[in-house]
Structure formats: C-alpha cells, structure tokens
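Quantities reported herein were computed from a predicted structural model and do not represent experimental measurements. A note on names: the letters A, B, ... follow the listed sequences, proteins ahead of strands, and every chain is numbered from 1.
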2 protein chains.
Amino acid sequence: MARKKYQEIAEHLELLVLSGRLKPGDRLPAERQIMEDFDAGRSSVREALFVLQRQGLLTSRPGAVPRVSVPTAEGIFAELSGPVRHYINRPEGLREMQDARALLEIGLARQAAIVATDADIAALEKALDANRNAKDLEQFFQTDVAFHFQIAKISRNSIFAGLNTAFADWLKNQRVQSADTGTSFEDVVRYHSNIFEAIKNHDPEGAANAMDLHLQDVVKRYWQAVLK
Amino acid sequence: MARKKYQEIAEHLELLVLSGRLKPGDRLPAERQIMEDFDAGRSSVREALFVLQRQGLLTSRPGAVPRVSVPTAEGIFAELSGPVRHYINRPEGLREMQDARALLEIGLARQAAIVATDADIAALEKALDANRNAKDLEQFFQTDVAFHFQIAKISRNSIFAGLNTAFADWLKNQRVQSADTGTSFEDVVRYHSNIFEAIKNHDPEGAANAMDLHLQDVVKRYWQAVLK
DNA sequence: ATTTTAAACTTGTCAGACCAAAAGAAGCGA
DNA sequence: TCGCTTCTTTTGGTCTGACAAGTTTAAAAT
C-alpha cells in the first residue's frame, strides 16, 4: 500500500472543494457517510478530515458536521508557527529569518513609496503618530507592529499583510530582547519617521534605504542584548 | 473539554524536542507506549503524532518507530502547497501570488548582485548556458527553474531557496499556460542573460530591474494565454 | 405561532483486533 | 568469529464497535 488511505480521501475531498462542487459554508457529509462512500474505516476518514482541518479548509466542532471554510493568508501562516519556532532554534535559523523579514519589509517599503495614495499616507501618518505617542512599552510594541502593518497594507496584497503579521509574531521574542538594552523609543520613532517621509515623497529608494537601516539597527541591538 | 487531547500530547512531545531532550535521529516511544504515558486512546496519540509529522518534526514509516527529524525549509513550504492551491483559486489569489513571487525574486536578484562571489557567478553562468541549450520543453522548464534557484542560492539563506522552489511549484501551471502562447525560448533566455550580466557586474539596480521586466513579461504572457 | 422538550444525529475519544512492514533475535554455515 | 538467512517480536496502518458529550431537528406543549 504505497499511497496511504487518508491521503486518497483527503485529496478527493480537496478536489470537491477546489472544483467548486462544495462551496465555503457548505456542509460536508458526516464521517460515517464518507466511510461508506470511500469504503474506509473511520480512522482513515478522521485522519483525512484532520489534515484538511489543519489546512484551514474546513472547520469542525464536536457534534456538528464539518463545514467548508476559506483559508485565509493569516491562517496559513499561523499554521507555520510551530515549524518556524523550531527553525529559529537552529544555529543559523534566526539570522536567516531576520534576513527574510528584511527582504520582505524593504520590498514592501519600496513598493509602498510607488503606489501609496493620499489616503494610504494619511493612515500611515496616523500610525506613526500613535507610535510616537505610545506611553508604555506594551503600547509601543503594539503601535510599532501596527506601523509596519500599515506599510504592508499599502501593497493591497493579503499575502504580504499576512506575512507581515506572521513575522512580527515569530520575531516577537527578538523585539522584547532588543528592548531590554534600554533602546530609547525616540531612536525607533526617528527611523519610522524617515521611512514615512520617503513613502510620502514617493521616493522608493529612500524608503527602501530607510527601512534597511531601521531593521539593521533592530538586528544589531538584538544581538548586542543576546551576547551581553 | 476546551483543549483537545491531541494538542496536549503534541505540545508535550514538541517540548521534548525543543528542549533538546530528544535530538534529531532519536527514536520516539511507540504509539502504544505514549498511550500509557498520557493515559490517552490511540486515536488521540495518532493525531498528535500526525500534527508533528506534518510539521516535519518527525518521520514515521509503517513498522518502524517514529524518529525525530530536522524540519527543512522545503518541507515546511511543501506543507503549504494544499492551502496555497486553494488560495490561488480565489479571484485575486493568483495575482497576489505572482506579486509575492516578484517581490521575492527581485529582492533576491538585487542582493545577489551585491554579495555574489566569483564562484557564484560561474555557477550561475553554467545554469544560464544549460537553459540556453535546452533541447525540449521539459528540459527548458527544468533549467529555467534551476537558473532562478541558482540566484536564490547566492543569498545563502535556506528560507529563500525553499521559498523559491515552492513558488516554482505553486506557479508551475502558470508556466505551462504561458508556454502555450508559443513563447520562444530566446525571449526568456534573453531576459535571463540580462539578469546574469547585471549580477556579474555587481549592479543591484540593474539586476532588480532585469528581473522585474522578466517576471512582468511572464505574467503578461500568462494572462494573454488565459484570456484568449 | 412561539417556545419547550425530547429524540435523532454527529463528533471526540476509547478499546480491541488484524495485517503488513520493519526491526531484532536466533540459528546456520563458513 | 563473522556473515548470512530465517523466524519471532514489535510497530504503524486500518477496521470495527462502543460510549459520552455536544448539536440539530422535529415533535410537543403552550
């Protein structure tokens, strides 16, 4: 038996959704029904449903029949949080993750400077002000993430928005550590201001550069804190 | 029962690995043993192992006890292929995915132009030649992907390499469709040459630009093929 | 017609069983 | 003693059956 049974069932059900025969919100057959349809035992059916559920394709509550649901970018990336935690634990893992985030955010800043509308810029300025006026550490973190998220939103691509949120979550620990060095808020806000100004002036290279410097600073402070 | 049983078991086992009590290659207890340890039924244990397995944390073959393994970037992204297929099916899904790939590849090209060593450039040129001399369609696709992969490798970041491979897989369909328009290999090779030259000359902006033009062309041809 | 209540599902979990594949032990031959 | 083959044990993959707990649905009562 080369191909496992649950895979067969999972792929078949997946096709039902992909082909549009089952639309989001529709109710799936009950487990016992699927058992009959595929001539399989309940374990196999359950494992198949389990896979699809973990993929965000369907939600199932006890007592109720499973329903088809739309996978969101956030949900997809959230599923990665487990593996990512381990990946970061590897020797080179964190550095690679930091580089990956940098490539994303720098690219987003560059693009934002190109396509930002007046409304985008206004929203970004609001986020910047909120960050500048943060009263405590927690509020500062929150508005910091919000500022970066606002930049991601300008791309109007939910993948970028989701990735941005995911990175913020994955590297949260880095943020906390870095703050322990006594980094003053003003430094970070100054970087943010530079980024904002470049985007406002529709200067792609300036925005990319400012974001690059910002992230380099964050990474530098983190490693200082760790190695101290 | 708010927290499901398998989650409890999965998290516990995950901790064993993360804390280093179980190192890669080590053998996990058998399912029946875990049943006793956690006072759980076999279904719950299997679901827990299932999650960890899909996260690339352990591999299990029939007849053999599960072993701890190191999650690779490729494995992590491969796990996403299911959800991604659905995501692409959404109205804006494919366009967003194309944009995401563009941001990645352009960023990689830019960085490659900065950090590429002579050995990197030599390897890239070899990949370019292989692409230029491809005899049939399949060979052309393969060397095409290999060329892009070579650029990703220059970053020396396995996340980028894995993402690159994953995108190539996810957007494979696009590649095929686009080829149906009768695109001549020479056009693609010319783009590749431009990218290579820029990287060879350590010209980041030139490399980014060339890659941008290349991908825009690919996307344009794809939509032409689809709408025809 | 609206609310209440009870019956009929459905999932979550457990238990025991069987099969085929893998691993380990025993035996055999050199 | 060492290497190979055979046989037993262990293990994951799957099936069946069962029960508790939650959800739907339909009947019943108001």
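- Atoms CD (B:Gln7) and C1' (C:dT13) sit 15 Å apart, rounded to a whole Å.
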Below 3.5 Å is the cut-off: list the nitrogen or oxygen pairs between protein and nucleotides 16-19 of chain C, distance only.
unit_1 : atom_1 : unit_2  : atom_2 : d
C:dA17 : N6     : B:Arg42 : NH1    : 3.3

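- Taking the six-membered ring where the residue is Trp, B:His214 and B:His148 present parallel rings, their angle staying beneath 30° rather than reaching 60°.
- Atom pair B:Ile34:CD1 and C:dC14:P shows a separation of 13 Å (rounding to whole Å applied).
- The phosphate of C:dA15 (OP1 or OP2) has no side-chain N or O of B:Ser43 nearer than 4.0 angstrom.
- Using a cut-off of 4.0 Å between Lys/Arg side-chain N and Asp/Glu carboxylate O, B:Arg156 and A:Asp99 are scored as not salt-bridged.
- Applying the side-chain hydrogen bond (donor to acceptor under 3.5 Å, both in side chains) criterion to A:Gln139, with sequence neighbours excluded, gives no partner residue.
- Summarising the geometry, the separation between CD on A:Glu47 and C1' on C:dT13 is reported as 14 Å, rounded to the nearest angstrom.
- Residues A:Tyr6 and A:Pro62 each lie close to DNA chain D; by heavy-atom proximity, the contact nearer the 5' end of the strand is made by A:Tyr6.
- A:Gly162 and A:Phe77 make their closest contact through C-CD1, 3.6 Å (heavy atoms, listed as atom of the first residue, atom of the second, distance).
- When rounded to the nearest whole Å, the span between CZ of B:Phe38 and P of C:dT13 equals 15 Å.
- Atom CZ of B:Arg46 is separated from atom P of C:dG12 by 17 Å (rounded to the nearest Å).
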Report each atom pair, protein N/O against N/O of nucleotides 23-26 of chain C, whose distance is under 3.5 angstrom.
unit_1 : atom_1 : unit_2  : atom_2 : d
C:dA23 : OP1    : B:Arg61 : NH2    : 3.1
C:dG24 : OP1    : B:Arg27 : NH1    : 3.3
C:dG24 : OP1    : B:Arg27 : NH2    : 2.9

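- Following rounding to the nearest Å, B:Lys5 (NZ) and D:dA20 (C1') show an atom-to-atom distance of 13 Å.
- Put simply, B:Ser44 has a side-chain N or O that comes within less than 4.0 Å of OP1 or OP2 on C:dC14.
- The distance from the OG1 atom of B:Thr143 to the CZ atom of B:Arg132 is 11.0 Å, given to the nearest 0.5 Å.
- Distance, A:Glu31 CD to D:dT23 C1': 14 Å, rounded to whole Å.
- Salt-bridge formation is detected for the pair B:Glu47/A:Arg46: a Lys NZ or Arg NE/NH1/NH2 atom is positioned less than 4.0 Å from an Asp or Glu carboxylate oxygen.
- Whole-Å rounding puts the A:Gln33 CD to C:dT10 C1' distance at 13 Å.
- One finds a salt bridge joining A:Lys172 and A:Asp169 here, because a Lys/Arg side-chain nitrogen approaches an Asp/Glu carboxylate oxygen to under 4.0 Å.
- Taking a cutoff of 4.0 Å between a charged side-chain nitrogen and a carboxylate oxygen, B:Glu8 and B:Lys5 do not qualify as a salt bridge.
- Between A:Phe50 and A:Tyr6, a ring centre-to-centre spacing not shorter than 6.0 Å is recorded.
- Ranking D:dG12, D:dC15, C:dT13 by closeness to the A:Ala40 side chain, first place goes to D:dC15.
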